[in-house]
Amino acid sequence: QVQLVESGGGSVQAGGSLKLSCAASGRASSSAVYGWFRQTPGKEREFVALIRWHGGSPFYADSVKGRFTISRDNPKNTLYLQMNSLKAEDTGVYYCAIANEYDRAERVYHTWGQGTQVTVAS
């Protein structure tokens with residue numbers, strides 16, 4: 001069973017950058033898809049980005065396209081989310097998760113990390 005641990009969250013001024021990491025222990029299936037989601041109090045968790053663990057194009061939510069970059073380091077078993085030009089509305093708890101389908105729907109993700117807080121001050 002794969003476990004996920006996020007890190008790298010923090011507080012930053014609007015316009016700044018943060019890089020989140022998600023360390024995976026154990027080995028996911030060869031068809032695994034890794035995603036980033038975020039949640040703000042009072043709102044539903046929303047999709048941010050996804051990538052296949054073994055190659056292929058990433059996919060982004062429109063709200064982060066051009067500002068965020070999802071990547072992975074396979075030998076290190078680590079997923080990343082580079083976040084640039086941060087806005088106040090990017091504030092939230094960021095989660096990484098694993099699915100067996102190339103899909104942005106939260107319901108297909110079966111393993112989740114505990115989340116890391118990102119706060120962007122305007």
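As the structure is a computational prediction, the values presented were derived from the model and not from experiment. Note that these values count all heavy atoms, side chains included, but never hydrogens, waters or copies made by symmetry.
In this structure, K76 and S21 have side chains that are not in contact, with every pair of non-hydrogen atoms separated by 4.5 Å or more. By the 4.5 Å heavy-atom criterion applied to side chains, I98 and V33 are not counted as neighbours. Using a 4.5 Å cut-off on side-chain heavy atoms (C-beta onward), E106 and F37 make contact. Taking 4.5 Å as the limit, every side-chain heavy atom of T111 sits out of range of all side-chain heavy atoms of Q3. Residues Q13 and V120 form no side-chain contact, since every pair of their non-hydrogen atoms from C-beta on lies 4.5 Å or further apart.
Counting only distance, with no hydrogens or angles, the side chain of D73 and the backbone of T78 share no donor-acceptor pair below 3.5 Å. Between the E6 side chain and the Q114 main chain, a donor and an acceptor come within less than 3.5 Å of each other. When atom types are taken as modelled, the side chain of N77 and the backbone of A23 share no donor-acceptor pair closer than 3.5 angstrom. For S85 (side chain) and G15 (main-chain N/O), no donor-acceptor pair under 3.5 Å exists by modelled atom type. Between the side chain of T91 and the backbone N or O of T119, no donor-acceptor pair lies under 3.5 Å. Put simply, the side chain of N84 never gets that close to the backbone of G16: no donor and acceptor are under 3.5 Å apart. The backbone N or O of R52 lies less than 3.5 Å from a partner atom in the side chain of R72, making a donor-acceptor pair. Checked by atom type and distance alone, the side chain of Y60 pairs as donor or acceptor with a backbone atom of I70 at under 3.5 Å.
Remark: R45 is positioned above the aromatic ring of Y95, its terminal NZ or CZ atom under 6.0 angstrom from the ring centre and at most 45 degrees off the axis.
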(message) Determine whether F47 and W36 satisfy the following criterion, ring pair (Phe, Tyr, Trp, His ring centres under 6.0 Å), listing intermediate values before the conclusion.
(response) CA-CA 6 Å; F47 166 79; W36 285 102; over 10 Å; no

(request) Please report the C-alpha distance between V118 and R38 in whole Å, then the side-chain angles of each, then the deciding distance to 0.1 Å, and finally whether the side chain to side chain contact (heavy atoms under 4.5 Å, CB included) criterion is met. (result) CA-CA 9 Å; V118 171; R38 64 187 182 190; over 6 Å; no

(request) Test salt bridge (charged side-chain N to carboxylate O under 4.0 Å, His left out) on D62 and K65 and set out the steps. (result) CA-CA 5 Å; D62 288 344; K65 201 173 295 182; 3.1 Å; yes

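Here the CE-OG1 distance, from M83 to T69, works out to 11.0 Å after rounding to the nearest 0.5 Å. How far OH of Y109 is from CD of E101: 9.0 Å, rounded to the nearest 0.5 Å. To the nearest 0.5 Å, the span separating OG on S17 from NZ on K19 amounts to 11.0 Å. Remark: L79 CG to C96 SG distance equals 6.0 Å, nearest 0.5 Å. Summarising the geometry, atom CG belonging to N74 is positioned 5.0 Å from atom CH2 belonging to W53; distances are rounded to the nearest 0.5 Å. Distance check, rounded to the nearest 0.5 Å: CG of L4 to OG of S25 gives 7.5 Å.
The shortest non-hydrogen separation linking A24 to V2 is CB-CG1, 4.1 Å.
Linking ILVMFWY residues whenever their side-chain heavy atoms come closer than 4.5 Å, directly or via other members, leaves L50 and L20 in distinct clusters. Y80 and L18 are members of different hydrophobic clusters when ILVMFWY side chains are connected at heavy-atom separations under 4.5 Å. Neither Y34 nor Y102 shares a network with the other; the hydrophobic side chains, linked directly or stepwise wherever heavy atoms of I, L, V, M, F, W or Y lie under 4.5 Å apart, form separate groups for each. Linking Ile, Leu, Val, Met, Phe, Trp and Tyr whenever their side-chain heavy atoms come within less than 4.5 Å leaves L81 and V93 in two separate clusters.
Taking the six-membered ring for Trp and thresholds of 30 and 60 degrees, F68 and Y94 have ring planes inclined between 30 and 60 degrees apart.
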